[in-house]
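Before any comments, here is the structure.
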2 protein chains.
Amino acid sequence: MKFFAPPVERLIEQFERLPGIGHKTAQRLAFYLLSLPREDAEEFAAAITDAKNTVFTCKICQNLTDSEICPICSDPSRDKSIICVVTDPKDVVALERTREFSGLYHVLHGAISPLNHIGPDDLRIRELVLRASEDDVSEIIMATNPDTEGEATAMYISRLLKPFGVKITRLAYGVPVGGHLEFADEVTLGRALEGRREI
Amino acid sequence: MKFFAPPVERLIEQFERLPGIGHKTAQRLAFYLLSLPREDAEEFAAAITDAKNTVFTCKICQNLTDSEICPICSDPSRDKSIICVVTDPKDVVALERTREFSGLYHVLHGAISPLNHIGPDDLRIRELVLRASEDDVSEIIMATNPDTEGEATAMYISRLLKPFGVKITRLAYGVPVGGHLEFADEVTLGRALEGRREI
């Protein structure tokens, strides 16, 4: 026996498909949407179709955008000779918040992960190689995550790009600012020692 | 500066409005939806509008349904003389799973909660009083939650219904089946002692 009306069951099922949302949470979210005024629920549905229909990847950096070329790539004040390679559009946001980087980005949309059947061909690596070969690029910063998959991806790409004679760098490892030494793991602390700088 | 394309920002904002969903989770869910094939994202949006447009409250028990009278109220095999009063449509599902109850339900859609500005008029109490006065009801089981608000709601309703001379009962309190005595709080344990039965 189905306990809820079929449209409610369908809505719960849809929420359950989202990552990190279990059955109970899906129920809670579905009932919340049902309790909203009709316009608000419709606005929610419209935001989904709208985002899906109007958001593409930038032709240059592969970041999500609603124009052919994203605002960062089309900004004439940015330094086009430095490309920062990241895993995810969220990483672009994180780096932009630092206000320390004025170059361009390249979003891979994932990292190489054999366990999850994600190989180099599933990522936007070909587009990056094209940029490195065609454009006047002096430096490529590998800003993939400091985990196994991010490391493997950075290594793979740096080997691919070596023939182009471009300088390839990696984000510095070290203790996080504002953290406590006693809570830093030994690998991070080791890397922080190794990369120490004169003050 | 907006970091994501406007349609993406709007989708993230919509997810953020859901209960228990913070900014980071909203981002994750929005990006997941954007990564889905177009048909799947549209199916999600359709499930929302569909549920909102086709789900109403049952004219009799106020439970959510896609027909005028819900399947439980229109089932001729159910005992129409017993009404079980619950806070939420999810509670109907929980009680149906026990397969111990063959009467009808009445869904209040909330509990009296002065702190959250929810008074008796915000709940489906008037409809319950109408049912108690018009139909041939012999017993009303108050199955609101065993918390302060549920208790207050049960007390309020039982006083309202007293003039109709109908038997009003409350769910039994006690230790949960499969639980451990050492983890039961003293109030529950006290109630379990108080309600002890001969075996």
Side-chain angles (χ1 to χ4, degrees), chain A residues 1-15 17-21 24-25 27-38 40-56 58 63-67 70-72 88-90 92-94 96-97 109-110, chain B residues 1-15 17-21 24-25 27-38 40-56 58 63-67 70-72 88-90 92-94 96-97 109-110:
Chain A
M1 181 204 171
K2 283 276 180 191
F3 290 112
F4 297 116
V8 181
E9 290 281 354
R10 272 197 298 277
L11 185 57
I12 295 173
E13 276 163 28
Q14 288 290 338
F15 271 112
R17 298 178 54 190
L18 298 179
I21 304 286
K24 289 270 174 184
T25 310
Q27 275 191 2
R28 191 161 45 83
L29 297 179
F31 280 111
Y32 175 78
L33 269 186
L34 283 172
S35 75
L36 287 180
R38 183 175 306 251
D40 290 12
E42 268 162 14
E43 205 182 318
F44 197 108
I48 294 173
T49 42
D50 201 40
K52 195 65 199 172
N53 289 328
T54 61
V55 175
F56 313 93
C58 169
N63 196 2
L64 295 175
T65 173
D66 57 350
S67 46
C70 78
I72 293 177
D88 198 279
K90 277 171 278 191
V92 173
V93 174
E96 282 296 285
R97 282 214 191 92
H109 291 277
Chain B
M1 181 203 171
K2 283 274 177 192
F3 290 112
F4 297 115
V8 181
E9 290 281 354
R10 273 199 296 276
L11 185 56
I12 295 173
E13 275 163 28
Q14 288 291 338
F15 271 111
R17 297 178 55 189
L18 298 179
I21 304 285
K24 289 269 174 186
T25 310
Q27 275 192 2
R28 191 160 46 83
L29 297 179
F31 281 111
Y32 175 79
L33 268 186
L34 283 172
S35 75
L36 287 180
R38 183 176 307 251
D40 290 12
E42 269 162 13
E43 207 183 314
F44 196 106
I48 295 173
T49 41
D50 202 40
K52 195 66 200 171
N53 289 328
T54 61
V55 175
F56 312 94
C58 169
N63 195 3
L64 296 176
T65 173
D66 57 350
S67 46
C70 78
I72 293 177
D88 198 279
K90 278 172 278 192
V92 173
V93 175
E96 281 296 284
R97 281 214 192 92
H109 291 277

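Within every chain, numbering begins at 1; the chains are lettered A, B, ... in the order of the sequence lines, protein sequences first and strands thereafter. No experiment lies behind these values; they were computed from the predicted model shown. Hydrogens, waters and symmetry mates play no part in the numbers below; they use all other heavy atoms, side chains included.
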Measure the shortest side-chain to side-chain distance between Phe31(B) and Leu64(A) over non-hydrogen atoms and say whether it is less than 4.5 angstrom. yes
Between Thr49(B), Thr54(B), Thr65(B), Leu29(B), who has the most heavy-atom pairs with chain A when the cutoff is under 4.5 Å? Leu29(B)
Heavy-atom distance under 4.5 Å to chain B: side chain of Tyr32(A), backbone, both or neither? side chain
To the closest 0.5 Å, what do you measure between CD (Glu43(A)) and CD1 (Ile48(B))? 11.5 Å
In the structure I gave you, are the side-chain heavy atoms of Ile21(B) and Ile21(A) within less than 4.5 Å of one another anywhere? yes
State which residues pass side chain to side chain donor-acceptor pair (under 3.5 Å) with Asp50(B); sequence neighbours excluded, sorted by chain then number. Arg10(A)
Rounded to the nearest 0.5 angstrom, the NZ-CG distance for Lys52(B) and Leu34(A) is 6.0 Å
Max heavy-atom pair count under 4.5 Å with chain A, selected residue of Lys90(B), His109(B), Gln27(B): Lys90(B)
Sub-4.5 Å side-chain heavy-atom contact between Val55(B) and Leu11(A): no
Should Arg28(A) and Leu18(B) count as side-chain neighbours, where that means a heavy-atom distance under 4.5 Å? no
Turns out that what part of Asp88(B) lies under 4.5 Å from chain A's heavy atoms comes down to neither
Please enumerate all residues that pass side chain to side chain donor-acceptor pair (under 3.5 Å) together with Ser35(B), with sequence neighbours excluded. none
